[in-house]
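Heads up: the structure comes next, in structure tokens.
In what follows, every chain begins at residue 1, and chains take the letters A, B, ... in the order their sequences are listed. In this text, all values refer to a predicted model and were calculated from it rather than measured experimentally.
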Amino acid sequence: MTEMHTVEQLWRRDVERLVRVDERAMHSRVAGGAWGVAGTARTHQSGLEVSGGVLLAGFIAAIAIFKAGAGQRGSASWEWYLVVLGCAVAVALLLTRRRHTVAVLNVGDESVRAMLLECDRTLGRQISNWKTLVWWYCLPIEAPLLFALLRSGGSSRGLWMSLSLLIAIAIVVTGWYFARQMLEPQRRDARRLLSEIDEP
Amino acid sequence: MDERAETVSRWLEEYRRLIYKVVMVYAADAHAQEDLFQEIAIALWRSSEKFNGLSQESTWIYRVALNTAIDVARREQRAPRTIELHEDAHWVALDEPDEEQAWLYARMRQLGLIDRSVLLLYLDGNRYEDIAEVLGISKGNVGAKISRVKERLKTFLENEEEDAS
């Protein structure tokens, strides 16, 4: 079986009998518009991103509860601006996710190389978003929270601060894990495939 | 059935051999094959509105199928899916290939993701121009890749013969 023409003959062997399409089920899926089932079921990756968004929302809510509990309702302290900024980051994350999903699902209208380039760009955006969230948002909040927690000692405010800090740490750990362990290796793979396809 | 659904159904019917081969070259076990077939069908459905007839249908479907297969294979290598398929997943069934074909598909799966697509397009009798269009590379690069992939496949086969003897 070392001759290429043997391989070619084998490849061209009729495979019609090998595929049976269940027409009724297929048409049902088409008519029902339920084609997104497998496409939207990328749960492993999506789960991490969504959990990040949920954690962020929880963090923002914890700050709001903490402030309400501390009787500062209506005040316009710097923390409220951070809450607004947090909401903006959360929305940006969700929009990025949506754009990423669309890019993955519309893989048919471009060449393999263009798809890999788009994949590299999308992963780059996601990594950048996570790093922005972790380094420029969560950590600057955590530091004053930690400082305030230490200063407050065992006061009633300490409980809310601890909760807020815990959530912020969870976001940082999730973001760090997701960016370093999931997205960056994927990006390296995409770049490896790109260099493979460009290799003369 | 609307026009879009009819188009996709026709594609799945007319080009099922093409899709089948892509599936067999990129997915090893029956579960993964069925999953990939579904993914390709979904990608065809989603991209069908963008098909404007500027490229040949077969070129378009190669792009959809290969992009989807490479994308799925790339992600699966890093994060294998742990979910169960949707209960309607068994809407298409792929029979087992015969022994010799299974052997060929298995050898092709030993190649890299890009090399597999090059060999698949070549074995399907596509012109260099068409392969270049699907992959997004130059015609000269296609020629070089085909030579290299043939050599790799030949090495695989020779090593296998040596092991057997």
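Nearest heavy-atom pair, B:N67 versus A:M115, reported as atom, atom and distance to 0.1 Å: O-CE, 3.4 Å.
Heavy atoms closer than 4.5 Å to chain B are found nowhere in A:L117, neither backbone nor side chain. Of the two parts of B:R148, only the side chain, counted from C-beta on, holds a non-hydrogen atom closer than 4.5 Å to a non-hydrogen atom of chain A.
Between A:C119 atom SG and B:I70 atom CD1 the span is 11.0 Å, to the nearest 0.5 Å. A:Q186 CD to B:R74 CZ: the interatomic distance, rounded to the nearest 0.5 Å, is 5.5 Å. The CZ atom of B:R63 sits 6.0 Å away from atom OG of A:S111, with the distance rounded to the nearest 0.5 Å.
Among B:L113, B:I137, B:N141, the single residue meeting the side chain to side chain contact (heavy atoms under 4.5 Å, CB included) criterion with A:I197 is B:I137.
With sequence neighbours left out, B:R116 forms a side chain to side chain donor-acceptor pair (under 3.5 Å) with no residue at all. Residues that satisfy the side-chain contact (heavy atoms from CB on, under 4.5 Å) test with B:E49, not counting sequence neighbours, are B:R4.
Annotation: side chain of A:D198 is not in contact with side chain of B:I114 (no heavy-atom distance under 4.5 Å).
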